[in-house]
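The structure displayed is predicted, hence computed values, not measured ones. Count residues from 1 along the sequence.
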Amino acid sequence: MSGLQGLAQENIWFDKSRYDEAERHFYEGMNGIPQTPQERDASAILQDIAKARQNIQQSLAGAKTALQGSKRHARTQKQRERKTSQNASKSEDQSELVSRLKSLELDNKNLHKVVDDLRAVLSKLESRMAVLEKSQAPASKTVTVTKAAPVQKPKVEEHNGADDDDDDIDLFGSDEEDEEAERIKAERVKEYAQRKSKKPALIAKSSILLDVKPWDDETDMSKLEECVRSIQMDGLLWGASKLVPVGYGIKKLQINCVVEDDKVGTDILEEEITKFEDYVQSVDIAAFNKI
């Protein structure tokens with residue numbers, strides 16, 4: 001195809017004079033001018049050339065039509081591809097929208113369900129509160145009546161012209177009822193005092209972490225710990241211990257104890273531990289916490 005396009009665009013004609021002379025002899029022969037054998041050969045050549053030109057023009061026209069058809073086919077193919085891609089993108093967008101709508105519908109249903117559950121729980125709570133209020137109302141009334149009964153005084157109304165038995169009228173109860181209420185009140189106060197006395201008193205305790213330092217690295221630390229644990233007091237309880245390096249091969253004893261604040265103090269502990277002068281150089285309080 002590229003060769004044919006080149007021939008169609010060719011503008012150079014070599015040996016034009018020879019072709020012009022052959023064409024002249026051809027037209028002279030057609031007009032009845034006698035021709036020589038050479039001129040006849042030239043006219044035959046001219047005829048061949050004319051046929052070749054016609055064939056070339058026909059082939060060029062067919063090439064042009066083929067090129068135009070191929071271009072049109074490519075354009076239509078591209079348009080089809082564009083349409084198919086657009087349709088595919090539209091279908092994808094529609095499917096995505098449908099999936100989103102379905103998910104939103106599911107979320108909406110779940111939310112409605114949660115709201116309904118909350119409403120049911122609230123209605124149950126309201127019914128329970130109403131029942132509790134109804135049950136507490138008569139109890140509070142009875143309590144107020146029992147508290148007010150001993151305080152109130154009986155009122156006496158006088159009726160002129162009545163018998164001696166009806167002179168004094170007790171509207172709120174007799175003296176016996178007042179005495180009974182006072183007795184019940186005294187019993188309740190006594191029972192409350194007994195229950196309060198039976199409760200154990202709160203004992204204040206503290207956790208103390210002690211640092212016991214020896215004289216040098218030759219001190220027997222196991223013997224030092226044994227001496228410290230030999231201290232026994234009411235309200236003192238020894239706990240875990242460990243050896244902590246200080247420097248130059250010297251280690252200190254770090255021991256924990258729990259004491260009752262009213263019975264054992266830190267000063268007493270320090271005095272008792274420093275009595276072991278052969279092993280103990282000093283005693284420090286590393287930590288002190290209330291329990």
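For Arg128, there are no side chain to side chain contact (heavy atoms under 4.5 Å, CB included) partners at least two apart in sequence or on another chain. Under the rule for a side chain to side chain donor-acceptor pair (under 3.5 Å), the partners of Glu96 that lie at least two apart in sequence or sit in another chain are Arg100. For Glu105, there are no salt bridge (Lys or Arg N to Asp or Glu O under 4.0 Å) partners at least two apart in sequence or on another chain. Every residue was checked against the salt bridge (Lys or Arg N to Asp or Glu O under 4.0 Å) condition with Asp117, not counting sequence neighbours, and none meets it. The side chain to side chain contact (heavy atoms under 4.5 Å, CB included) test applied to Ile231 returns Met233, Leu236, Trp238, Glu272, Ile273, Phe276, not counting sequence neighbours. A search for side chain to side chain donor-acceptor pair (under 3.5 Å) contacts involving Glu260 returns Lys263, not counting sequence neighbours. Listed by chain and residue number, nothing satisfies the salt bridge (Lys or Arg N to Asp or Glu O under 4.0 Å) test with Lys205 (two or more places apart in sequence, or in another chain). Looking at residues two or more places apart in sequence or on another chain, you find no salt bridge (Lys or Arg N to Asp or Glu O under 4.0 Å) involving Asp220. A search for side chain to side chain contact (heavy atoms under 4.5 Å, CB included) contacts involving Thr274 returns Val283, not counting sequence neighbours. Evaluation of the side chain to side chain donor-acceptor pair (under 3.5 Å) rule for Asn108 yields His112 as partners, not counting sequence neighbours. Contacts of Glu81 classified as side chain to side chain contact (heavy atoms under 4.5 Å, CB included), with partners at least two apart in sequence or in another chain: Gln77, Thr84. Partners of Lys252 according to the side chain to side chain donor-acceptor pair (under 3.5 Å) rule, which considers only residues two or more places apart in sequence or in another chain, are Asp211.
Counting all heavy atoms, side chain and backbone alike, Trp215 lies closest to Glu277 at NE1-O, 2.7 Å. Here the closest heavy-atom approach between residue Asp217 and residue Ile250 is recorded as N-CG1, 3.8 Å.
The number of heavy atoms from other shown groups lying within 6.0 Å of CZ (Arg183) is above 12.
Using a 4.5 Å heavy-atom cutoff, the side chains of Ile285 and Leu209 are not in contact. Annotation: side chain of Ser206 is not in contact with side chain of Thr266 (no heavy-atom distance under 4.5 Å). The shortest side-chain heavy-atom distance between Met221 and Pro214 falls under the 4.5 Å cut-off.
Using a 4.0 Å cut-off between charged nitrogen and carboxylate oxygen, Lys190 and Glu187 do not count as a salt-bridge pair. At a threshold of 4.0 Å, the pair Lys290-Asp261 counts as salt-bridged, since one of the basic side-chain nitrogens sits closer than that to a carboxylate oxygen.
One N or O on the side chain of Gln232 and one on the backbone of Arg229 form a donor-acceptor pair closer than 3.5 Å. Without hydrogens or angle criteria, Asp216 side chain to Glu218 main chain gives a donor-acceptor distance under 3.5 Å.
Checking each of Val280, Leu243, Thr219, Val244 against Leu253 for a side chain to side chain contact (heavy atoms under 4.5 Å, CB included) leaves exactly one that passes, namely Leu243. When each of Leu104, Val98, Leu106 is checked for a side chain to side chain contact (heavy atoms under 4.5 Å, CB included) with Lys102, only Val98 meets the rule.
The distance from the OG1 atom of Thr65 to the CZ atom of Arg72 is 9.5 Å, given to the nearest 0.5 Å. Taken to the nearest 0.5 Å, the CD atom of Gln57 stands 8.0 Å off from the CG atom of Leu60. Once rounded to the nearest 0.5 Å, the distance linking OG of Ser282 with CD of Glu270 reads 9.5 Å.
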Go through the steps to decide whether Leu269 and Ile208 satisfy the test side-chain contact (heavy atoms from CB on, under 4.5 Å), and finish with yes or no. CA-CA 10 Å; Leu269 279 175; Ile208 305 172; 4.3 Å; yes
Please step through side-chain contact (heavy atoms from CB on, under 4.5 Å) for the pair Lys213 and Val246, ending with a clear verdict. CA-CA 9 Å; Lys213 297 177 183 178; Val246 178; 5.6 Å; no
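Hydrophobic clustering (ILVMFWY, side-chain heavy atoms < 4.5 Å, transitive): Val259 and Ile291 are in distinct clusters. Follow the hydrophobic side-chain contacts under 4.5 Å out from Leu210 and you reach Phe288 in the same cluster. In the hydrophobic cluster analysis, where Ile, Leu, Val, Met, Phe, Trp and Tyr join through side-chain heavy atoms closer than 4.5 angstrom, Ile268 is grouped together with Val228.
Counted by atom type alone, Gln254 and Ser241 present zero donor-acceptor pairs between their side chains at under 3.5 Å.
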